Trainee: 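Take a look at this one; I'll ask things after.
Keep in mind that this is a model prediction, so the values were computed, not measured. Residue numbering restarts at 1 for every chain, and letters A, B, ... go by the order of the sequence lines.
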Amino acid sequence: MSILVKAKTRILVQGITGKEATFHTQRMQEYGTRVVAGVTPGKGGQSHLGLPVFNTVEQARSAEAPEVSVIFVPPRAGADAIMEAADAGIKLIVCITEGIPVIDMLRAKAFLKKTNSKLIGPNTPGIISPGKSKVGIMPGHIHIPGPVGLISRSGTLTYEAVHQLTKLGVGQSTAVGIGGDSICGLKFAELLEMFREDLQTKALILIGEIGGTAEEEAAGYLKQISYPKPILAYVAGVTAPPGKRLGHAGAIIEGSRGTAQDKTNCLKEAGVRIISNPARIGQETKAILIN
Amino acid sequence: MSILVKAKTRILVQGITGKEATFHTQRMQEYGTRVVAGVTPGKGGQSHLGLPVFNTVEQARSAEAPEVSVIFVPPRAGADAIMEAADAGIKLIVCITEGIPVIDMLRAKAFLKKTNSKLIGPNTPGIISPGKSKVGIMPGHIHIPGPVGLISRSGTLTYEAVHQLTKLGVGQSTAVGIGGDSICGLKFAELLEMFREDLQTKALILIGEIGGTAEEEAAGYLKQISYPKPILAYVAGVTAPPGKRLGHAGAIIEGSRGTAQDKTNCLKEAGVRIISNPARIGQETKAILIN
Amino acid sequence: MLIQEYQAKRILKALGIQTPEGYLAESPEQIIKICKALGSPAVLKAQILSGGRGQAGGILLAREPEEAESLARNLFGKRLITSQTGNRGLVVRKILVEKALNIKKECYLGLAVDREHETLLALVSREGGIQIEELSRQKPELIKIISFNPDEGMRPFQARQLAYFLELEEDLIKQLVSLLRNLSGFFIEKDLKLLEVNPLVLTESRLLVAADVKMEFDDCSLERHQDISGLLDFSDDSEEEMEARNFKLNYLRMEGNIGCLVNGAGLAMATMDIISHFGGQPANFLDIGGGVTEEAVNKAFEILISDDRVTSALVNIFGGIVRCDLVARGVVNCAERLGLKKPVVVRMEGTNVIEGQKILKESGLPFHLADDFEQAARLVVSLSGREK
Amino acid sequence: MLIQEYQAKRILKALGIQTPEGYLAESPEQIIKICKALGSPAVLKAQILSGGRGQAGGILLAREPEEAESLARNLFGKRLITSQTGNRGLVVRKILVEKALNIKKECYLGLAVDREHETLLALVSREGGIQIEELSRQKPELIKIISFNPDEGMRPFQARQLAYFLELEEDLIKQLVSLLRNLSGFFIEKDLKLLEVNPLVLTESRLLVAADVKMEFDDCSLERHQDISGLLDFSDDSEEEMEARNFKLNYLRMEGNIGCLVNGAGLAMATMDIISHFGGQPANFLDIGGGVTEEAVNKAFEILISDDRVTSALVNIFGGIVRCDLVARGVVNCAERLGLKKPVVVRMEGTNVIEGQKILKESGLPFHLADDFEQAARLVVSLSGREK
């Protein structure tokens, strides 16, 4: 099993002919991801990386029936690309694009509410179900299949966590980046719900960071239910100064809410095991799995 | 019983201090309708017709807990008044105002979809449950309580039908004007669904007119279910020339769709008894009730 | 409210959308000048508020300025009868003269209010210059429709969906996308009910040109668009229609001989229907509306009884907002002023009916008072002298 | 991106919203001239990009032009340390001089992005000139919040709800309603993240005046608002911060002594956290980002090792989009250029790690190569010489 993407999941790439998209589509293909088509307005009818290119997602959808779309368009076209995918009936949209204006994202999210589509990102490294499918820009080779599910707001920090796990021989079921922006799609709670049902997943790692309330919401969710699997969490930004932005638009501390301290307290109360040393994510997870 | 409004239903009047609103609020009060408050921006704190006036529906709602709001504001403020009522949690909104721009109504309807509020109108005479409550501008004295439910797109034509019934001693459970505009709230099908459950109602009269597809939709609804009560219908506009507007914005014939002929055919197929002489609405209904 | 083609084209031009080079003429003399300036061949387009002008001879091609002039001489003042005008047709008072286009391809582009889905829709077709209803029945595969709402407007991806559907060359797509978003923004901002570009022409020189345009605005919103309400053109209306409009009466001329004066559109239609039901023919639709004044009733009644075609008339009032006594006074005053030379049936019910009937009776005028709707209808038909 | 108060007030003025009469001064000489023109008393407001200026002595009342001048002499060039600036404070380079208002009542008005509900919100308070977070805890009954979305904008009824909540006299309501709709329209059109009018003052002469304004724009959308991006003011930034910005590096000065160079904001924060965890103190946050060039790495490394406070540095790279060899080349080039006088720990993983480590080793420079994250952190802390 695994969540969101499986070996056979059919993937569309929006903005496929761009430089970054080309590079990462090749990496996805090498990994074995089943990429079936691409979209670039104006390049419809061409072939790129052995894949058919379409002018619109709608056309790509009727020709190749992709289930998931991964978006690599420029920031100003990001929200429109998300809406286009949702409008065409793509059920899962993974938006890699970084720097989409906030108000554009508010519009896109309001649009998504009227559809059945789910969004991951934007500003996410994507999703990987190791050994099956990689839909995003993470380095595939550091992953191995196994029992740990990861949900993270950060890119490279997730790679670090996965790397620690893999070095200790602990594999991953699915690793999901929810993205570093202040307005994003699926968050911890929704994904925890999916991992809950996943037979392969035996333990979960949440990687949070300062700013926003995603971790607090996750804690709220966990307090309501009795979650059947152990959860560990690391929240980055204990040392961050208040009121300053640290790269992610989401990483702004708003008053006392949104601090790393607040987040770890909430999660701890909800029964989550807090990891304070980010170099021990792998070890602590392995210890939990053995017990 | 009856539908939508009962004797105890608490009524709010939006735009209460206007000339027409004042006149009709008095008539409603004389009829025994339980009007509890009014709204006119800028007149908050005043008293009008013995009723407290508020600046916003929200304020009126928290002070007087009205369940239904009847709107008498100028056309350009109509859509905003509907949205204000829905936003304040008013469950049933009856919009008497005529001449609201179509695009305003599209906005209001999209807004309503996000709430639990129902709309009757605009450009409707309103709703009356004879002997209990009159929420609108129809002449109350022509109505008597009884077993017939009416749903109509037309004002004076409904009065004519009610008058015929009353003269024959046949009373009405509830008479609802759905309004003559091209974009309106509840239509035949939703109201038929409500009348279906109403114990007082033994037979129904639908009064349609040319233009739009409300009658065709009603026929579609009736074909799907087995409606437990007899339904009669009269559709006005057999003699209307195509492509011309006859007063109601809704009364424009669009190609072959929307003609009186098309509507009566659809209704007939759905088991509705068609009345071709509008002076015989009362007699034909009485005959059905006796059988 | 419809506006004339030349007015709609001026609007498009102001929006930065290409229209054919052309000028408006109100006389044959202007035509020849314009044609010489434009160069030949030229197209003469009768400016009437109706579709189907082509089949009715309202759109003509002229190879030479002289030919244009002689064609125009015939066209000016002519009553064009199209599939939409009714038997009386519409008089041609203005002609739009345009340089003929070198057409490579024709498409259709329409924006409208979608009553059924309560949203706006945009429709494009790969064939243009056609009846779109016809095409949608016969070749639906040539048509693409998308929905958008007035708060959100047309999204860029929706404009792309439409643009790519038309299968034009890639270099025209951006132009088409911006044309679509431009028009949809205008549609919402100015409260249109219908906007059609038909055909949208791709010329041999690879330009996208709006060769014909139809724009209908929402009458209810004209008050907030002074620029649009200034375009109102009533020159096609009959004298009675103009008089009625001045008094805010909703009047429409029909082909029969029985005059009708009713309050409420539904009851007015039912009144026409029942007249037909008993073998009569209504001469008009006339809804005096809810906020009517005595003076307006007076004028409404004048329009009825001054109509030479009318052989009998029916006043049918169900008082609600409208009070019967007010209507009675208006009718009586008019009858006293003009005399009552035709049989008039009056039927009244509802608000202040007793006062109304009293006024009628006390006037001493020979009104035929009817007790109910059916009796009134039967009576006016029998009095019309043309019962089937 | 925040803009200065005087810039925000110019924008409000252009939107037709009343602001106090005032002028910007960049020298004490200008101050006296302005005060004479305005009349006394006047308010001097230090233009720095931070709240809490009042408590920090950045807002001063001057009864006479001469008093204003002497106050201004002290204020110009001063480092104001507010609750939001950190220890270094911000230098006052510009002073806004305004005519003092006759305040009858103060309110608060704010528009913001509501991350939690993924919509926009408008907030008004019956008290103004206050910390709104504080007030919302202590007297929530004085505050009203409504939500609106960018497609729909603020509805008239919502503006009325807010306006009536403030309990101002009826003649001010319309003004307030149009102010609210005006500001919310501007907020959406120009992609703001925050707009506060605090206080919104009702003067004795019954005018509504925006006495102080804060505007924050969305950095991600500046590209489409040339008028706004032209207002960028970097004069408060340190030299390193400016250099970093030029190379699109995300750099932030901290108080410690261990330099950090990391890719990715999350990993960079985790790197600071782990340094603290082992008793060290980070001198900075530095995320080189995903699209970094060799030249930018070179500059980033220069900023680190040129910082006099830095006693040891850590380069922590997890190659994904960023390739380890590119980072290694940037670091080596810089070290060769400037010399390596401080201990530098390098830890690399991920894309092209082998090539990267080879470059570091073959450079012959005395980098401390670490095998993993924890070892790297421990090492750089112990080398920093200030281990707890």
Side-chain angles (χ1 to χ4, degrees), chain B residues 12 14-17 37-46 48 52-63 66 69 71-90 93 95 97 100-101 103-115 117 119, chain D residues 105 107 109 111 114 116-126 139-185 187-189 200 202 206 208:
Chain B
L12 174 73
Q14 282 176 258
I16 192 165
T17 56
V39 167
T40 297
K43 305 261 168 106
Q46 299 183 10
H48 187 68
V53 179
F54 299 88
N55 286 319
T56 67
V57 178
E58 196 184 38
Q59 291 170 349
R61 180 93 208 284
S62 32
S69 182
I71 295 176
F72 286 95
V73 304
R76 284 184 59 176
D80 192 55
I82 292 169
M83 293 189 273
E84 179 176 7
D87 182 72
I90 302 287
I93 302 160
C95 186
T97 303
I100 300 179
I103 286 187
D104 288 10
M105 277 309 301
L106 294 179
R107 293 185 206 266
K109 292 276 326 221
F111 186 92
L112 284 171
K113 273 192 199 141
K114 296 186 278 181
T115 71
S117 301
L119 173 69
Chain D
K105 189 175 167 173
C107 311
L109 192 163
L111 301 168
D114 181 345
E116 202 173 334
H117 302 99
E118 300 185 336
T119 180
L120 302 176
L121 64 80
L123 187 157
V124 297
S125 148
R126 288 181 193 145
K139 302 182 196 167
E141 70 282 4
L142 296 184
I143 288 175
K144 182 165 179 67
I145 299 176
I146 60 116
S147 292
F148 61 105
N149 82 38
D151 284 324
E152 299 173 7
M154 188 187 287
R155 308 278 187 192
F157 80 82
Q158 295 183 308
R160 287 198 304 275
Q161 283 180 354
L162 295 172
Y164 280 114
F165 181 83
L166 290 179
E167 297 183 335
L168 299 177
E169 284 85 349
E170 184 56 33
D171 59 325
L172 296 166
I173 295 294
K174 275 202 183 157
Q175 208 180 321
L176 203 48
V177 163
S178 89
L179 177 88
L180 282 160
R181 298 195 70 208
N182 202 339
L183 288 181
S184 55
F187 192 97
I188 295 166
E189 188 195 332
L200 175 67
L202 174 63
R206 305 189 57 68
L208 280 174

Trainee: For Glu170(D), which atoms come within 4.5 Å of any heavy atom of chain B: side chain, backbone, both, or neither?
Mentor: side chain
Trainee: Hey, could you give me the OG1/CZ distance between Thr56(B) and Arg160(D), rounded to the nearest 0.5 Å?
Mentor: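 Reported to 0.5 Å precision, the distance equals 8.5 Å.
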Trainee: Judged by modelled atom types alone, do Gln158(D) and Asp87(B) share a side-chain donor-acceptor pair under 3.5 Å?
Mentor: no
Trainee: So, taking the atom named CZ in Arg155(D) and the one named CZ in Arg107(B), what distance separates them when rounded to the nearest 0.5 Å?
Mentor: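 Result: 7.0 Å between the selected atoms.
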Trainee: If I measure from the heavy atoms of chain B, does Asn149(D) come under 4.5 Å with its side chain, its backbone, both, or neither?
Mentor: side chain
Trainee: Within this structure, what is the CD1-CD distance for the pair Ile146(D) and Glu58(B), rounded to the nearest 0.5 Å?
Mentor: 10.0 Å
Trainee: As an exercise, state the distance from CD of Glu152(D) to NZ of Lys114(B), rounded to the nearest 0.5 Å.
Mentor: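 Reported value, rounded in 0.5 Å steps: 3.5 Å.
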